[in-house]
Asker: 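Please read through the structure below; I'll follow up with questions.
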Amino acid sequence: HYGHVYAFLIYSYSMQGNYAKVRNALERVFDLNFPNASAEERIYRGNDVNQLVRFRKWDEILKLPVDPERPSAWHWARALAHLAKKDIPAAEAERKALVEAAAAEIEMMSKMMPPEQFAKISEIGKRLDIIMYAKLDAAIAVAKGDRETAVELLKKAIVEEDQVDYNEPPIIQDPSRETLGGVLMQMGKFAEAEKVFREDLKYTRNNGRSLFGLWKSLEAQKKAKEAAEAEKQFREAWKYADTELRIEDL
């Protein structure tokens with residue numbers, strides 16, 4: 001169970017907004033699992049792709065080569081990084097590579113696993129894929145100025161996300177409601193954003209990112225008293241963070 005403890009630590013530090021502690025825990029669990037790793041394998045030590053995306057480490061993502069062990073995850077991350085850099089063609093090229101890599105990974109898994117195990121994993125994987133593609137396509141839509149389409153795609157992701165089996169720590173570590181709330185804020189739909197952030201806080205209690213969004217959405221609506229309370233809650237949830245938040249990063 002020692003490695004599982006690190007999974008809890010990584011999730012907790014991530015939700016606290018403390019990237020330095022996330023990175024340290026990732027490196028320690030890597031050393032635990034792969035004490036004799038090669039120099040090439042160590043390129044990815046402490047560079048868990050999901051956490052790099054979670055903390056918007058776009059430059060780091062683009063500097064690293066695609067991980068040969070899980071290319072689809074890296075194509076997904078690189079697509080998002082290119083979007084953050086306003087390079088839509090490069091992002092769309094990475095999305096195409098993602099589709100091809102994901103298909104190859106599924107085929108490989110089908111050959112390596114017993115049919116019953118593969119069927120179970122495939123069921124979970126299909127739902128996670130729907131979420132992954134919906135969020136990526138929403139980011140592409142935002143980059144193209146089509147936020148209405150992004151909203152519909154993120155709502156689709158949320159429907160699937162709410163049906164993901166319970167797990168500790170959660171399988172989905174970057175709730176889609178955070179992103180939807182951020183897009184609605186950019187559209188000036190502050191009341192709708194407030195509702196979305198409040199919903200997320202029911203699913204992910206004391207989520208600093210959603211508390212930040214809630215604070216800003218209330219502030220934009222001139223709800224001073226409620227905004228002050230949300231800010232207080234945010235600062236308590238984010239007191240160990242080494243990361244500053246912006247609505248654009250949600």
Side-chain angles (χ1 to χ4, degrees), residues 1-67 69-70 73-74 76-78 80-81 84-85 128 131-132 135 139 161 164 166-179 181-182 197 200-216 230-250:
H1 297 293
Y2 191 69
H4 195 52
V5 170
Y6 277 107
F8 279 99
L9 286 173
I10 291 163
Y11 175 73
S12 299
Y13 293 146
S14 178
M15 294 304 291
Q16 290 178 337
N18 193 312
Y19 182 67
K21 287 189 175 182
V22 167
R23 187 67 173 265
N24 179 263
L26 285 167
E27 291 177 351
R28 290 171 70 183
V29 76
F30 183 94
D31 289 338
L32 172 70
N33 292 325
F34 307 102
N36 300 312
S38 67
E40 183 179 0
E41 289 170 327
R42 287 186 176 276
I43 291 174
Y44 304 101
R45 184 182 65 178
N47 283 309
D48 181 275
V49 65
N50 294 308
Q51 293 301 332
L52 286 173
V53 170
R54 187 76 166 130
F55 283 90
R56 309 316 190 222
K57 300 295 184 179
W58 307 126
D59 290 334
E60 289 186 38
I61 289 170
L62 293 175
K63 285 177 183 176
L64 289 168
V66 173
D67 186 345
E69 295 295 321
R70 46 179 184 165
W74 281 87
W76 165 75
R78 288 172 65 85
L80 291 170
K85 299 292 185 178
L128 296 178
I131 297 168
M132 174 180 69
K135 293 182 77 169
E161 196 172 293
V164 172
Y166 177 82
N167 194 68
E168 294 185 356
I171 295 173
I172 303 293
Q173 302 199 2
D174 55 337
S176 297
R177 285 181 174 86
E178 291 176 8
T179 308
F197 288 127
D200 183 59
L201 288 164
K202 292 177 183 177
Y203 284 86
T204 318
R205 293 180 61 188
N206 300 320
N207 179 355
R209 293 169 176 85
S210 282
L211 284 169
F212 175 77
L214 177 61
W215 163 32
K216 293 301 179 180
E231 180 185 3
K232 180 181 178 182
Q233 292 175 9
F234 161 70
R235 297 202 181 281
E236 175 63 23
W238 214 242
K239 63 184 178 182
Y240 299 116
D242 58 9
T243 305
E244 291 187 12
L245 293 179
R246 304 181 307 160
I247 290 298
E248 295 83 356
D249 291 333
L250 291 178

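Side chains included, hydrogens not; waters and symmetry mates left out as well; all remaining heavy atoms used.
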Asker: Hey, are the side chains of Trp74 and Leu52 touching, using non-hydrogen atoms and a 4.5 Å cut-off?
Answerer: yes
Asker: Kindly say whether Tyr19 contributes a backbone atom to a donor-acceptor pair with the side chain of Asp242 at under 3.5 angstrom?
Answerer: yes
Asker: Can you sort out the partners of Thr243 under side-chain hydrogen bond (donor to acceptor under 3.5 Å, both in side chains), two or more places apart, ordered by chain and number?
Answerer: none
Asker: Do Val164 and Ile131 have side-chain heavy atoms sitting under 4.5 Å apart?
Answerer: yes
Asker: Got a donor-acceptor contact below 3.5 angstrom from the Arg205 side chain to the Lys202 backbone?
Answerer: no
Asker: Is the shortest heavy-atom distance from the side chain of Met15 to the side chain of Arg54 under 4.5 Å?
Answerer: yes
Asker: Find out whether Leu64 and Arg78 are in side-chain contact, i.e. whether some heavy atom of one side chain is under 4.5 Å from a heavy atom of the other.
Answerer: no
Asker: Any non-hydrogen side-chain atom of Asn33 less than 4.5 Å from a side-chain atom of Tyr6?
Answerer: no
Asker: May I ask you to test the Gln173-Asn50 pair for a side-chain heavy-atom distance under 4.5 Å?
Answerer: no
Asker: Is a donor from one side chain sitting under 3.5 angstrom from an acceptor on the other, for Glu178 and Asn207?
Answerer: yes
Asker: Measure the CG-NZ distance between Asp59 and Lys85 for me, rounded to the nearest 0.5 Å.
Answerer: 3.5 Å
Asker: Any side-chain to backbone donor/acceptor pair from Asp249 onto Leu245? Under 3.5 Å, distance only.
Answerer: no
Asker: Is a salt bridge present between Arg235 and Glu231, judged by a nitrogen-to-oxygen distance below 4.0 Å?
Answerer: yes
Asker: Which heavy atom in Gly213 sits nearest to a heavy atom in Ile247, and how many Å separate them?
Answerer: CA-CD1, 4.3 Å
Asker: Under the 6.0 Å and 45° cation-pi test, does Arg209 pair with Phe55?
Answerer: yes
Asker: Do Leu201 and Leu214 have side chains that get closer than 4.5 Å, going by heavy atoms?
Answerer: yes
Asker: Assess the residue pair Lys232 and Glu236 against the criterion (salt bridge (charged side-chain N to carboxylate O under 4.0 Å, His left out)); give the C-alpha distance rounded to whole Å, side-chain angles, the decisive distance to 0.1 Å, and a yes or no.
Answerer: CA-CA 6 Å; Lys232 180 181 178 182; Glu236 175 63 23; over 6 Å; no
Asker: Where does the angle between the aromatic ring planes of Phe30 and Phe34 fall among parallel (under 30°), tilted (30 to 60°) and perpendicular (over 60°)?
Answerer: tilted
Asker: What's the shortest heavy-atom distance between Thr204 and Pro175, and which atoms?
Answerer: OG1-CG, 3.9 Å
Asker: Return the minimal non-hydrogen interatomic distance between Val29 and Leu26, and the atom names on each side.
Answerer: CG1-O, 3.2 Å
Asker: Quick one: does any side-chain atom of Glu161 pair with a main-chain N or O of Ile172 as donor and acceptor, under 3.5 Å?
Answerer: no
Asker: If you count heavy atoms of other groups shown closer than 6.0 angstrom to OH of Tyr240, is the number above 12?
Answerer: no
Asker: When rounded to the nearest 0.5 angstrom, what distance separates CZ in Phe212 from CZ in Phe197?
Answerer: 8.5 Å
Asker: Please find the pair of heavy atoms, one from Asp174 and one from Lys135, that lie closest to each other, and give the distance.
Answerer: O-NZ, 2.8 Å
Asker: Check this for me, if you would: do Glu60 and Lys63 make a salt bridge, where the nitrogen-to-carboxylate-oxygen distance has to be below 4.0 angstrom?
Answerer: no
Asker: Taking the side chain as everything from C-beta on, heavy atoms only, tell me whether Val53 gets closer than 4.5 Å to Trp58.
Answerer: yes
Asker: Which heavy atom of Ala237 sits nearest a heavy atom of Leu211, and at what distance?
Answerer: CB-CD1, 3.8 Å
Asker: Just how far is it from atom OG of Ser12 to atom CG of Asn18, taken to the nearest 0.5 Å?
Answerer: 11.5 Å
Asker: Taking all heavy atoms of Phe8 and all of Glu168, pick out the closest pair and write down the distance.
Answerer: CZ-CB, 3.6 Å
